[in-house]
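Just below is one structure, and these are the notes that go with it.
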Amino acid sequence: MIDPRLTTLRTFSLCGTIAATAELTGYSPSAVSGQLRELQRTLGMDLLVRDGRGLRLTATGRHIVRRCDDLVAMWEEIKAAALVAGDQTPAQFGLGGFSTAATHLLAPLSAHLRRIHPDLGVHVLEASPTRCFELLLAERIDLAVVVSSHGDVHLEEDPRFEKIALLDDPLDVMVPSDHPIASQDSVTLSELSGEDWITDRLDSPYRALFTAAFTAAGISPRITHEAVEWETSMALVGAGVGVGLLPRLASLEGAKNVTRVRLTGPGRLSRKIVASARTGSLKSPLIRESLKLLRETSQEILSTRLDDDT
């Protein structure tokens, strides 16, 4: 069994401060400090050293953290195999994901798991992709659903996490319901080249996807409004002040005067949504069961969303 103090050390290595480690692990700052002191005393090694008003890992501490990655992966494999051998489920199971995934994928998954396994404690944490990986490392969650972004080191290179493709989530166009395009089955970006567009802030992954769509179509969009939440974008579209792109996974339920139209032609893009878990844990019965249900739910949503929004 992995000493929980090693998990705290690994989390400190990721965060760099006692306060951030405490927030991620759920311990108090004093408990984190106490665990790290006790770990040093038990091992008889200097793992941390003062650095100004804070702490940093020594070369010994960094070496232990690096080698712990292999140890944790092996332990995850052992736990998964033991659960399979005894036909058991763990007492607690944590799920994390971005807002749309938490709403449309993790909420029904949580309900399913609680129904099938009434003694299981399931908790869902809505979080950004970066935060999800931090929570996985801190062992606050066991399975994360994230949007795969180009250049995301956690998904492309980080050996501490495994990724599983879930779905390609197409981008649709949302327009005011009285817009001429609203009655069409599909539309190209070139047909909307003269529109005022609503999109996310400049440094966001969604803005990058938005830009890539127009680059592929050879069009420069006129961006008039920026909105972080889908609900805000829907409200602006419903008010008739612009049009926007919307992932198929996101629902228009409750939106007034907004119609979804399928995007076709150059610029038609999808965002890749993947699940991620700690390396070695994929054979865990709950993770396998969860992945199966996530795929089924995803495909049902993608196949019915356009009909549901009409």
Side-chain angles (χ1 to χ4, degrees), residues 1-11 14 24-26 65-98 101-102 104-125 127 129-148 152-168 272-300:
M1 188 172 133
I2 301 297
D3 191 319
R5 295 174 298 182
L6 285 175
T7 301
T8 301
L9 182 69
R10 296 176 81 225
T11 306
L14 177 71
L24 263 180
T25 58
V65 167
R66 285 194 300 270
R67 295 305 303 269
C68 274
D69 292 344
D70 296 333
L71 190 63
V72 170
M74 184 181 297
W75 175 237
E76 291 290 347
E77 290 179 357
I78 292 172
K79 285 196 299 181
L83 290 169
V84 172
D87 192 23
Q88 296 185 32
T89 56
Q92 300 289 328
F93 191 62
L95 301 165
F98 62 101
H104 300 289
L105 298 179
L106 299 186
L109 172 58
S110 175
H112 167 87
L113 292 175
R114 292 183 65 180
R115 184 173 61 252
I116 302 300
H117 310 285
D119 294 330
L120 176 67
V122 182
H123 58 274
V124 176
L125 299 179
T130 298
R131 173 75 171 173
C132 281
F133 288 112
E134 293 173 344
L135 292 167
L136 279 171
L137 189 70
E139 300 187 9
R140 291 279 303 284
I141 61 174
D142 303 288
L143 184 65
V145 177
V146 301
V147 177
S148 176
D152 189 332
V153 68
H154 292 303
L155 286 175
E156 294 177 359
E157 302 173 9
D158 199 321
R160 297 171 297 182
F161 308 107
E162 299 190 61
K163 64 177 182 178
I164 310 95
L166 282 182
L167 71 148
D168 288 335
K272 294 186 180 299
I273 296 178
V274 303
S276 186
R278 287 182 294 277
T279 297
S281 67
L282 288 186
K283 291 184 179 180
S284 170
L286 277 183
I287 289 181
R288 290 189 300 178
E289 181 179 349
S290 297
L291 290 173
K292 180 177 182 293
L293 188 70
L294 285 171
R295 290 193 180 98
E296 291 173 354
T297 304
S298 299
Q299 293 308 311
E300 181 179 359

- Message: For the NZ atom of Lys272 and the CG atom of Leu166, what is their distance to the nearest 0.5 Å?
- Response: 12.0 Å

- Message: Can you give me the closest heavy-atom contact between Leu143 and Ala275, atom names plus distance?
- Response: CD1-CB, 4.2 Å

- Item | Closest contact, heavy atoms only, Val146 versus Pro129 | CG1-CA, 3.8 Å

- Task: Apply the side chain to side chain contact (heavy atoms under 4.5 Å, CB included) test between Cys68 and each candidate in Ile2, Leu6, Asp3; give the one that qualifies.
- Result: Leu6

- Of all heavy-atom pairs between Ser281 and Ala80, which one has the smallest distance, and what is that distance? O-CB, 4.5 Å

- Item | Pair Asp70-Met74, side chain to side chain contact (heavy atoms under 4.5 Å, CB included): steps then yes or no | CA-CA 6 Å; Asp70 296 333; Met74 184 181 297; over 6 Å; no

- Query: Are any side-chain N or O atoms of Ser276 and backbone N or O atoms of Glu162, one a donor and one an acceptor, separated by less than 3.5 Å?
  - Reply: yes

- Query: Can you tell me if CZ on Arg114 sees more than 12 non-hydrogen neighbours from other groups inside 6.0 Å?
  - Reply: no

- Can you tell me if Thr11 uses its side chain to pair, donor with acceptor, with the backbone of Thr7 under 3.5 Å? yes

- Query: How long is the gap from CG on Leu293 to CD on Glu300, to the nearest 0.5 Å?
  - Reply: 9.5 Å

- Kindly indicate, with the supporting measurements, whether the criterion side chain to side chain contact (heavy atoms under 4.5 Å, CB included) is fulfilled by Ile273 and Phe98. CA-CA 10 Å; Ile273 296 178; Phe98 62 101; 3.9 Å; yes

- Task: Could you tell me the separation between the CG atom of Leu95 and the CD1 atom of Ile287, rounded to the nearest 0.5 Å?
- Result: 9.5 Å

- To the nearest 0.5 Å, tell me how far Arg115 CZ sits from Ser110 OG. 10.5 Å

- Nearest heavy-atom neighbours spanning Thr25 and Arg140: O-CD, 3.5 Å

- Message: If I take atom CD from residue Glu289 and atom CG from residue Leu109, how far apart are they, to the nearest 0.5 angstrom?
- Response: 8.0 Å

- Message: Please determine whether side chain to side chain contact (heavy atoms under 4.5 Å, CB included) holds for the pair Arg131 and Leu125, giving the CA-CA distance in whole Å, both sets of side-chain angles, and the decisive distance to 0.1 Å.
- Response: CA-CA 10 Å; Arg131 173 75 171 173; Leu125 299 179; over 6 Å; no

- Heavy-atom nearest pair, Cys132 first then Ala127, reads SG-O, 3.8 Å

- Message: Tell me whether Glu296 at atom CD has more than 12 heavy atoms from other residues, nucleotides or ligands lying less than 6.0 Å away.
- Response: yes

- Task: Verify, without hydrogens or angle tests, whether Thr279 (side chain) and Arg160 (backbone) share a donor-acceptor contact under 3.5 angstrom.
- Result: yes

- Query: Looking only at atom types and distance, does a side-chain atom of His117 sit under 3.5 Å from a main-chain N or O of Val122, one as donor and one as acceptor?
  - Reply: no

- Message: Within the structure provided, determine whether Leu294 and Leu106 are in side-chain contact (heavy-atom separation under 4.5 Å).
- Response: yes

- Query: For Val274 and Ser148, which heavy atoms make the closest approach, and how far apart are they?
  - Reply: CG1-CB, 4.1 Å

- Message: side chain to side chain contact (heavy atoms under 4.5 Å, CB included) for Thr297 and His112? Distances and angles first, verdict last.
- Response: CA-CA 11 Å; Thr297 304; His112 167 87; over 6 Å; no

- Task: Please list all pairs passing the salt bridge (Lys or Arg N to Asp or Glu O under 4.0 Å) test where one or both residues lie in residues 274-284, with sequence neighbours left out.
- Result: Glu76-Arg278, Asp142-Arg278

- Contacts satisfying side chain to side chain donor-acceptor pair (under 3.5 Å) that involve residues 77-91 (not counting sequence neighbours) are none

- Taking atom CG of Leu135 and atom CD1 of Ile141, what is their separation to the nearest 0.5 Å? 5.0 Å

